[in-house]
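Just so we're clear, the structure is a prediction, and the values are computed from it rather than from any experiment.
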Amino acid sequence: MQELPDCLYEGNQPTLITPSSPTPNHSLYLSNLDDHHFLRFSIKYLYLFQKSPSSQTLKDSLSRVLVDYYPLAGRIKVSDVSAKLEVDCNGEGAVFAEAFMDITCQEFLEHSPKPNKSWRKLLFKVQAPSFLEIPPLVIQVTHLRCGGMILCTAINHCLCDGIGTSQFLHAWAHANNTNASLLVQPFHSRHMLDPRDPPRVTHSHPGFTRTTVEKTSTNFNICKYLQSQPLAPTTLTFTPSLILRLKKTCAPSLKCTTFEALAAHTWCSWARSLDLPLTMQVKLLFSVNMRKKLSPELPQGYYGNGFVLACAESKVQDLFSGNIYHAVKLVQDAKARITDGYVRSTIDLLEDKTVKTDVSCSLVISQWAKLGLEELEFGGGRPMYTGSLTSDIYCLFLPVAGNLDAIKVQVSLPEDVVKRLEYYMVRFLDGKDKEEDHSLA
């Protein structure tokens with residue numbers, strides 16, 4: 001894997017792109033699902049295109065789309081009244097940087113096939129005292145020697161989730177290709193997700209813990225261990241045929257979705273690769289879209305975090321059978337618990353600011369494979385590559401450019417653990433298949 005060359009910036013970079021016409025000037029309330037510490041980071045994504053539209057066209061269309069998506073042109077602040085986060089919708093603008101890199105699309109794909117530290121050059125680093133002071137939307141367009149471009153975006157997760165990210169990017173692409181009005185208008189109000197008064201926690205929420213509770217457990221803290229180690233990324237691509245064969249390893253036979261099978265298999269492989277104590281209780285946390293699970297449902301175009309984390313739990317030894325049936329059932333049961341009542345209970349639970357997501361013994365999986373990001377079209381064709389700009393200990397299920405039904409599993413772990421994870425992830429294949437099938441290489 002080769003390091004990318006440096007980006008060359010010309011003139012005064014970056015610039016601020018403001019909405020092309022006046023927008024509402026107010027403070028936007030963020031729901032408890034937006035405003036908790038687990039989401040205080042930016043969703044950073046990379047797209048490689050063979051052809052590059054003109055930068056001025058991209059800036060003009062961004063300016064137009066920010067009229068509808070005006071919170072992205074505002075700034076995050078702490079409310080004077082409640083110490084909650086809110087958006088100051090002041091129209092200051094999104095950060096837009098433009099650069100040149102002496103590389104071709106093909107060289108990028110061949111020499112830098114998965115996230116590494118040099119990819120960070122592809123997104124302008126905004127200097128700010130804290131994360132909250134970084135503008136919610138940061139964009140860099142990097143022109144390549146071959147006429148292609150790499151588009152990198154960073155969107156503050158407190159404003160939206162993966163569905164919202166995709167919705168905005170498709171709206172921008174739509175505005176870049178036509179002057180027609182947006183197909184889906186964003187719905188910014190979060191008040192449908194207000195906590196009840198008084199809050200009522202009516203369900204069990206094993207995916208959360210309280211910071212005030214003194215831990216008497218002697219359990220190994222997986223998260224702290226991993227974050228203390230040098231990490232190496234791994235990316236494994238599962239084609240539809242491999243996913244079908246993975247499902248067939250489930251005995252007795254069990255009807256399950258691609259996500260359920262692959263999440264269960266990844267969880268089992270992760271637990272084995274870390275060489276954990278057999279009696280240790282581990283969790284799988286994964287995002288579930290709850291927009292249609294509420295009564296009434298959230299409106300079309302809802303532009304806030306519309307997911308909750310489902311939680312499956314198991315002793316390590318029960319994940320080691322080589323059969324994913326047990327893990328798949330746990331994933332299905334965790335999904336089934338996400339009801340209107342469960343979501344309302346989660347919102348009320350998060351009124352307690354000592355509550356945090358329990359990642360100490362958890363694998364966290366975020367599903368990005370079915371959001372349509374691989375179909376993004378700015379006028380020069382669909383992306384040759386789409387993926388996360390960075391890789392860390394949280395696992396991503398990502399789309400594969402050119403194969404809509406394939407899924408790319410990406411996670412970072414210590415190098416020796418990565419090798420074991422890759423082994424366990426492909427062990428369901430026999431020796432002949434491992435030699436002949438290159439999609440898992």
Side-chain angles (χ1 to χ4, degrees), residues 27-43 76-88 129-134 136 156-161 190-228 280-288 290 293-294 304-314 334 337-366 392-395:
S27 291
L28 178 68
Y29 163 84
L30 295 180
S31 80
N32 284 349
L33 298 183
D34 299 317
D35 176 22
H36 63 108
H37 279 274
F38 187 64
L39 296 189
R40 294 196 179 181
F41 65 94
S42 291
I43 300 168
I76 300 281
K77 69 172 187 175
V78 179
S79 167
D80 297 331
V81 179
S82 62
K84 274 180 63 65
L85 295 185
E86 59 187 26
V87 185
D88 180 9
S130 72
F131 167 70
L132 294 180
E133 293 174 75
I134 297 173
N156 189 310
H157 207 331
C158 296
L159 264 70
C160 67
D161 53 16
R190 267 68 162 181
H191 287 295
M192 291 183 73
L193 299 182
D194 282 351
R196 292 170 289 199
D197 187 13
R200 300 195 303 278
V201 181
T202 54
H203 290 62
S204 170
H205 297 279
F208 293 96
T209 187
R210 280 185 169 81
T211 55
T212 54
V213 175
E214 287 205 14
K215 292 277 186 181
T216 55
S217 168
T218 56
N219 269 355
F220 173 50
N221 188 314
I222 301 169
C223 181
K224 283 186 177 176
Y225 161 69
L226 293 175
Q227 289 175 336
S228 71
M280 183 176 176
Q281 193 84 356
V282 291
K283 300 176 183 180
L284 172 66
L285 304 179
F286 57 95
S287 52
V288 175
M290 57 72 179
K293 296 183 182 292
L294 294 184
N305 283 284
F307 77 95
V308 291
L309 287 175
C311 178
E313 294 182 276
S314 175
R337 287 194 288 272
I338 309 300
T339 60
D340 177 82
Y342 183 93
V343 174
R344 300 289 175 193
S345 180
T346 303
I347 292 167
D348 290 357
L349 174 71
L350 290 170
E351 275 291 278
D352 180 350
K353 296 310 175 189
T354 68
V355 169
K356 65 173 185 177
T357 307
D358 185 9
V359 294
S360 63
C361 55
S362 305
L363 172 65
V364 180
I365 294 179
S366 189
D392 62 23
I393 64 172
Y394 302 129
C395 181

Participant: Mark yes or no for whether Thr357, through its side chain, and Val359, through its backbone, hold a donor-acceptor pair below 3.5 Å.
Facilitator: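 Checking the backbone N and O of Val359 against the side chain of Thr357, no donor-acceptor pair under 3.5 Å is found.
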
Participant: Looking only at atom types and distance, does a side-chain atom of Lys84 sit under 3.5 Å from a main-chain N or O of Leu30, one as donor and one as acceptor?
Facilitator: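 Looks like yes, one N/O pair under 3.5 Å.
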
Participant: Looking only at heavy atoms, which two atoms of Glu351 and Pro199 are closest? And how far apart?
Facilitator: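 Shortest heavy-atom contact: CG-CG, 4.1 Å.
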
Participant: Which pair of non-hydrogen atoms, one from Ala310 and one from Ala334, has the smallest distance, and what is that distance?
Facilitator: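 Heavy-atom minimum between the residues: CB-O, 3.8 Å.
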
Participant: Looking at Thr346 and Tyr342, would you say the former's side chain and the latter's main chain have a donor-acceptor pair under 3.5 Å?
Facilitator: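 Looks like yes, one N/O pair under 3.5 Å.
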
Participant: Any chance you could lay out the salt bridge (Lys or Arg N to Asp or Glu O under 4.0 Å) test for Asp348 and Arg196, step after step, and finish with the verdict?
Facilitator: CA-CA 7 Å; Asp348 290 357; Arg196 292 170 289 199; 2.6 Å; yes

Participant: Using modelled atom types and a 3.5 Å cut-off, is there a donor and acceptor pairing between side-chain atoms of Thr211 and backbone atoms of Thr354?
Facilitator: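 Looks like yes, one N/O pair under 3.5 Å.
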
Participant: Between the side chain of Lys283 and the main-chain N/O of Pro206, is any donor-acceptor distance below 3.5 Å?
Facilitator: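 The answer is yes, because a donor-acceptor pair under 3.5 Å joins these two groups.
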
Participant: Hey, mind stepping through Ile393 and Gln227 against side chain to side chain contact (heavy atoms under 4.5 Å, CB included) and telling me if it holds?
Facilitator: CA-CA 8 Å; Ile393 64 172; Gln227 289 175 336; 4.0 Å; yes

Participant: Measure centre to centre between the rings of Phe131 and Phe41, then say whether the value is under 6.0 Å.
Facilitator: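 No; Phe41 has its ring centre 6.0 Å or more from that of Phe131.
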
Participant: Which value, rounded to the nearest 0.5 Å, describes the distance between Cys395 atom SG and Phe286 atom CZ?
Facilitator: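 Separation between the atoms: 13.0 Å.
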
Participant: Report the C-alpha distance between Leu309 and Val288 in whole Å, list the side-chain angles of each, state the deciding distance to 0.1 Å, and finish with yes or no for side chain to side chain contact (heavy atoms under 4.5 Å, CB included).
Facilitator: CA-CA 6 Å; Leu309 287 175; Val288 175; over 6 Å; no

Participant: Using ring centroids (six-membered ring only for Trp), state whether His157 and Phe38 fall under 6.0 Å.
Facilitator: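 No: the rings miss the under 6.0 Å criterion.
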
Participant: Calculate, to the nearest 0.5 Å, the distance between atoms CZ and NZ belonging to Phe208 and Lys356 respectively.
Facilitator: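 Answer for the CZ-NZ pair, Phe208 versus Lys356, is 12.5 Å.
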
Participant: Find out whether Lys353 and Asp35 are in side-chain contact, i.e. whether some heavy atom of one side chain is under 4.5 Å from a heavy atom of the other.
Facilitator: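 In contact.
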
Participant: Measuring from Ile347:CD1 to Arg200:CZ, what's the distance to the nearest 0.5 Å?
Facilitator: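 Separation between the atoms: 12.0 Å.
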
Participant: Is Leu132 close to Arg40 at the side-chain level, that is, under 4.5 Å between some pair of heavy atoms?
Facilitator: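 Yes, close enough: below the 4.5 Å cut-off.
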
Participant: Show the numbers, then the answer: is there a side chain to side chain contact (heavy atoms under 4.5 Å, CB included) between Leu28 and Glu86?
Facilitator: CA-CA 6 Å; Leu28 178 68; Glu86 59 187 26; 5.9 Å; no

Participant: Are the side chain of Ser345 and the backbone of His203 linked by a donor-acceptor contact shorter than 3.5 Å?
Facilitator: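 Between the backbone of His203 and the side chain of Ser345 there is a qualifying donor-acceptor contact (under 3.5 Å).
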
Participant: Any idea which heavy atoms bring Cys158 and Leu39 closest together, and the distance?
Facilitator: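 What the structure gives for the nearest pair is SG-O, 3.6 Å.
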
Participant: Just how far is it from atom CG of Leu85 to atom OG of Ser31, taken to the nearest 0.5 Å?
Facilitator: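 With rounding to 0.5 Å, CG (Leu85) is 11.0 Å from OG (Ser31).
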
Participant: Considering all heavy atoms of both residues, which atom of Gly207 and which atom of Leu285 are nearest to each other, and what is their separation?
Facilitator: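 Heavy atoms of Gly207 and Leu285 come nearest at CA-CD2, 3.8 Å.
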
Participant: Let me confirm one number: the CG-OH distance from Leu363 to Tyr394, rounded to the nearest 0.5 Å.
Facilitator: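 Atom-to-atom, Leu363:CG and Tyr394:OH are 10.5 Å apart.
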
Participant: When you compare the side chain of Ile222 with that of Val282, does any pair of heavy atoms fall below 4.5 Å?
Facilitator: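 Of all side-chain heavy-atom pairs linking Ile222 with Val282, at least one is under 4.5 Å.
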
Participant: Asn156 and side-chain contact (heavy atoms from CB on, under 4.5 Å): which single residue from Ile76, Ile134, Asp34 fits?
Facilitator: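 Of all the options given, the one that passes is Ile76.
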
Participant: Enter the distance from Lys293:NZ to Ile338:CD1 here, rounded to the nearest 0.5 Å.
Facilitator: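 With rounding to 0.5 Å, NZ (Lys293) is 7.5 Å from CD1 (Ile338).
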
Participant: Give the C-alpha distance, both sets of side-chain angles, the deciding distance and a yes or no for side-chain hydrogen bond (donor to acceptor under 3.5 Å, both in side chains) between Asn305 and Asp161.
Facilitator: CA-CA 5 Å; Asn305 283 284; Asp161 53 16; over 6 Å; no

Participant: What is the minimum heavy-atom distance between Leu159 and Arg190, and which atoms define it?
Facilitator: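 Minimum heavy-atom separation between Leu159 and Arg190: O-NH2, 2.7 Å.
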
Participant: Can you see which heavy atom on Cys361 is nearest to which on Gln281, and at what distance?
Facilitator: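 That closest heavy-atom pairing would be SG-O, 3.7 Å.
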
Participant: Stepwise, does the salt bridge (Lys or Arg N to Asp or Glu O under 4.0 Å) test hold for Arg344 with Asp194?
Facilitator: CA-CA 9 Å; Arg344 300 289 175 193; Asp194 282 351; over 6 Å; no

Participant: Are any side-chain N or O atoms of Asp358 and backbone N or O atoms of Thr209, one a donor and one an acceptor, separated by less than 3.5 Å?
Facilitator: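 No, because the side chain of Asp358 does not come within donor-acceptor range (under 3.5 Å) of the backbone of Thr209.
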
Participant: Run the numbers on His205 and Val308 for side chain to side chain contact (heavy atoms under 4.5 Å, CB included), then give the verdict.
Facilitator: CA-CA 11 Å; His205 297 279; Val308 291; over 6 Å; no

